[in-house]
Novice: 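Input: one structure, supplied below.
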Amino acid sequence: MPYTLVPDDVSHDTVTALEQLLESARQGQTIGIIFGVMMKRRRFAVNCAGEARRDPSFARGMCCALDDELSTLVHQHAGPPTSF
């Protein structure tokens, strides 16, 4: 029987982050969550749970903070601005 190599498509840092969040929730430290999930083929899902669903104004503020973080990452990876 010939063996085939199976590509490792698992995002290990994603798994680690989710395990840490789960442990924090089990300990009662994480009481709500907002999330955006990237899936294969450019699909995604967004949702919220717990306190984030019960206090959507606070959750929206968290989304804005996340947007700021992502904006910083975009600008860091974009390289230095070009001058004319």
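Keep in mind that the numbers below use all heavy atoms, side chains included, and drop hydrogens, waters and symmetry copies. One is the number of the first residue; the rest follow in order along the sequence.
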Novice: The criterion is side chain to side chain contact (heavy atoms under 4.5 Å, CB included); which residues satisfy it with V37, sequence neighbours excluded?
Specialist: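 In terms of side chain to side chain contact (heavy atoms under 4.5 Å, CB included), with neighbours along the sequence ignored, V37 is linked to F35, M39.
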Novice: By side chain to side chain contact (heavy atoms under 4.5 Å, CB included), which residues pair with Q76, not counting sequence neighbours?
Specialist: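 Residues passing side chain to side chain contact (heavy atoms under 4.5 Å, CB included) with Q76: T72, L73.
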Novice: Return the set of residues passing side chain to side chain donor-acceptor pair (under 3.5 Å) with H77 (not counting sequence neighbours), or none when no residue passes.
Specialist: none
Novice: Could you work out the complete set of other residues in the hydrophobic cluster of I34, with links drawn between I, L, V, M, F, W and Y side chains under 4.5 Å apart?
Specialist: F58, M62
Novice: Once side chain to side chain donor-acceptor pair (under 3.5 Å) is applied, do any residues pair with S11, and if so which ones, sequence neighbours excluded?
Specialist: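 Result, side chain to side chain donor-acceptor pair (under 3.5 Å) vs S11: D13, T14.
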Novice: Quick one: hydrophobic cluster around I31, which other residues, with the 4.5 Å side-chain cut-off, linked directly or via members?
Specialist: none
Novice: Between I33 and L21, what is the shortest heavy-atom contact and its length?
Specialist: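 Answer, listing the atom of I33 first, then L21: CD1-CD1, 4.2 Å.
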Novice: Considering residues at least two apart in sequence or located in another chain, which fulfil the salt bridge (Lys or Arg N to Asp or Glu O under 4.0 Å) criterion with R54?
Specialist: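 Residues passing salt bridge (Lys or Arg N to Asp or Glu O under 4.0 Å) with R54: E51.
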Novice: Could you give all pairs that pass the salt bridge (charged side-chain N to carboxylate O under 4.0 Å, His left out) test and reach residues 27-41, with sequence neighbours left out?
Specialist: D9-K40
Novice: Please give the remaining members of the hydrophobic cluster of F44, linking ILVMFWY side chains under 4.5 Å, ordered by chain and number.
Specialist: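 F44 clusters with V46.
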Novice: Does anything in residues 16-27 form a salt bridge (charged side-chain N to carboxylate O under 4.0 Å, His left out)? List the pairs, not counting sequence neighbours.
Specialist: none
Novice: Which heavy atom in A59 sits nearest to a heavy atom in A52, and how many Å separate them?
Specialist: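 Where A59 meets A52 most closely, the heavy atoms are CB-O, 3.5 Å.
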Novice: Look at the side chain of T16 and the backbone N and O of H12, then say whether any donor-acceptor pair between them is shorter than 3.5 Å.
Specialist: yes
Novice: Check side chain to side chain contact (heavy atoms under 4.5 Å, CB included) between M38 and all other residues, then give those that pass, not counting sequence neighbours.
Specialist: none
Novice: Not counting sequence neighbours, which residues clear side chain to side chain contact (heavy atoms under 4.5 Å, CB included) with R53? List them please.
Specialist: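 So R53 forms a side chain to side chain contact (heavy atoms under 4.5 Å, CB included) with N47, C48.
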